[in-house]
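Notes to accompany the following structure.
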Amino acid sequence: MTKAPDHTRDPVGWSGLLAFGFLGLILIRLGIPTTPYFDEVHYLPAARVMMDLSHITNQEHPLLGKEILALGIMLFGDEPYGWRVFPALAGGVTLFAFMRALWFASLARFTTLAGGLLLATDFLLFIHARIAMLDVFMVCFMMVALWMCAAAVREPETGRWRLPLAGVALGFAMASKWNAIPVAMVPGLAFFAARLISEKSRVFTSHRGAPVPGVTLAQAFLWLGVIPLLAYAITFLPVFFYEKDPLTIGSFLSYHQRMLDLQEMVTQPHPYQSQWWDWVLNRRAIWYLYENVDGAQRGVLLIGNPATMLLGLPAMLWCGYAGLFKRNWAALGVFALYAVSLGMWMIAPKPVQFYYHYFLPSCFLIAGLALAMEDSWKDGQRWFPLAVMATSCGLFAYFFPIISAAPLADPQDFLYWAWLDSWR
């Protein structure tokens with residue numbers, strides 16, 4: 001008798017444990033600094049305005065992230081923990097959703113847990129989960145949406161409730177920050193492409209083909225096209241009740257034109273500005289904080305993990321090759337998401353850009369690295385993935401003082417971590 005094939009067990013428990021442990025790290029010194037730092041000085045005042053519904057401010061960004069920050073202030077007080085509690089929770093959810101998406105995309109236990117470990121130690125998620133900015137909410141909702149989409153493909157019987165949830169999450173990602181818009185279009189376009197390839201002439205009527213049998217193209221359009229727009233629009237309801245210049249149905253489009261104009265009119269050079277190739281090479285850092293605050297010299301350096309950010313580049317090339325020539329659909333999906341999320345910044349009309357715009361693409365870079373490591377693991381070359389994980393964790397521990405606002409001994413201590421002149 002032939003031996004029954006092995007079925008890898010779902011590592012959902014370990015994924016939850018890793019996400020919970022990561023949340024514990026985020027909470028260390030979450031209340032330090034006790035004063036707003038970096039872009040908190042823009043978003044916290046905007047969140048307070050959301051609470052009193054007085055007037056429009058910080059119009060260049062959509063509202064949901066600021067609404068969530070306002071909720072944190074209402075529930076926990078207008079103090080550091082109140083500002084940062086929801087970004088911290090979003091960081092933990094992001095890591096868990098990322099691992100669930102990887103699991104349903106690959107059905108590989110090692111890929112899932114290795115990817116989670118690498119994302120937890122890649123610096124960008126950790127730093128943005130500890131600051132009252134909008135980026136972590138955008139990434140969180142996007143990872144939840146991709147989790148729902150991947151699970152619907154893997155378990156089609158759940159598609160009728162997972163895809164609508166994915167649509168809501170896509171809308172909320174766009175409502176947190178516009179960076180999500182190009183990526184939010186990918187699930188719907190991918191559904192159409194897969195159905196077209198599998199059903200050809202019956203693409204508009206069939207409900208049996210890929211990627212989610214049982215779901216028609218019209219239903220997918222509703223769930224992945226219409227629902228995201230509705231979810232996005234609902235987040236603007238508070239502006240209709242502002243005391244000064246409230247939004248109206250007729251002014252909704254002009255409001256968005258003003259948002260776009262504000263995004264494009266920032267042309268004044270900034271010391272920390274960079275271009276997409278700087279992000280890819282991990283060569284341009286941002287000091288979110290470096291000053292004597294709360295009784296000690298402290299710093300928060302935004303830079304990617306030097307190991308995984310660079311090793312992820314050849315891994316992404318492998319994903320493209322494996323996806324196109326070996327029909328590794330998980331690898332192809334990650335390659336496409338990275339290309340779309342990074343490609344937007346190659347053509348974006350926004351003249352001044354910053355390294356934190358690489359936050360979302362870097363998540364797909366990490367996913368690609370995890371998939372490449374899985375391939376090496378299966379081939380018996382286990383020294384490589386183990387070395388990558390050990391190096392990533394080691395660098396995270398080394399940089400931990402300068403990404404967590406730990407007290408430093410001397411104002412010149414930043415030199416221990418500023419390896420490149422462009423990191424200073």
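What you see below is based on every heavy atom in this structure, not just the backbone, and it leaves out hydrogens, waters and symmetry mates.
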* **Centroid-centroid under 6.0 Å between Phe399 and Trp419 rings** => yes
* Tyr358 vs Tyr338 aromatic rings, parallel, tilted or perpendicular, using cut-offs 30° and 60°? -> perpendicular
* Asked: When the ring planes of Phe123 and Phe396 are compared, do they come out parallel, tilted or perpendicular, using 30° and 60° as the limits?
  -> tilted
* Asked: Rounded to the nearest 0.5 Å, how far apart are NE2 of His55 and OH of Tyr242?
  -> 8.5 Å
* Asked: Does Glu155 use its side chain to pair, donor to acceptor, with the backbone of Glu157 at less than 3.5 Å?
  -> no
* Asked: Which of parallel (below 30°), tilted (30 to 60°) and perpendicular (above 60°) describes Tyr290 and Phe414?
  -> perpendicular
* Do you know the tightest heavy-atom contact between Leu310 and Leu281? -> CD2-O, 3.7 Å
* May I ask you to check whether His128 and Phe137 place their ring centers less than 6.0 Å from one another? => no
* Check: Ala108 main-chain N/O paired with Thr112 side-chain donor or acceptor under 3.5 Å -> yes
* Asked: So which of Arg283, Gln353, Arg284 actually passes side-chain hydrogen bond (donor to acceptor under 3.5 Å, both in side chains) with Asp278?
  -> Arg283
* Asked: For the ring pair Trp147 and Phe96, is the centre-to-centre distance below 6.0 Å?
  -> yes
* **Option among Tyr272, Tyr43, Trp287, Tyr288 that satisfies the ring pair (Phe, Tyr, Trp, His ring centres under 6.0 Å) test with Phe38** => Tyr288
* If the plane angle is over 60° it's perpendicular, under 30° parallel, otherwise tilted; pick one for Trp345 and His357. => parallel
* Asked: What class does the angle between the rings of Tyr356 and Phe354 fall in, given that below 30° is parallel, 30 to 60° is tilted and above 60° is perpendicular?
  -> parallel
* If you take all heavy atoms of His61 and Leu134, which pair is closest and at what distance? -> CB-CD1, 3.7 Å
* Of all the heavy-atom pairs spanning Met259 and Gln59, show the shortest one and how long it is. => CG-O, 2.9 Å
* **Proximity of Phe126 and Phe400 rings by center, below 6.0 Å** => yes
* Should Glu60 and Arg258 count as an ion pair when the cut-off is N to O under 4.0 Å? -> no
* Structure fact -> Gly92 and Ile26 have their tightest heavy-atom pair at N-CD1, 4.2 Å
* Asked: Do Asp122 and Thr308 have side-chain N/O donor and acceptor atoms under 3.5 Å apart?
  -> no
* Asked: Do Tyr355 and Phe359 make the cut of ring centroids closer than 6.0 angstrom?
  -> no
* Between Trp417 and Tyr398, which heavy-atom pair has the shortest distance, and what is it? -> NE1-O, 2.8 Å
* Polar side-chain atom of Arg48 near backbone of Ala70 as donor-acceptor pair, under 3.5 Å -> no
* To do: Run the numbers on Leu69 and Phe86 for side-chain contact (heavy atoms from CB on, under 4.5 Å), then give the verdict.
  => CA-CA 7 Å; Leu69 294 178; Phe86 280 117; 5.7 Å; no
* Pairwise distance CD1(Ile234) to CG(Leu229) - rounded to 0.5 angstrom -> 11.0 Å
* Between the side chains of Ser274 and Trp279, does any donor sit under 3.5 Å from an acceptor? -> yes
* Quick one: pull up CE in Met99 and CG in Leu117 and give me the separation to the nearest 0.5 Å. => 9.5 Å
* Closest approach of Met344 to Pro182 (non-hydrogen atoms, all atoms of both residues) -> SD-CG, 3.2 Å
* Asked: Does a side chain donor of either Arg29 or Ser404 reach within less than 3.5 Å of an acceptor in the other side chain?
  -> yes
* **Pair Ser251-Ser254, side-chain donor/acceptor within less than 3.5 Å** => no
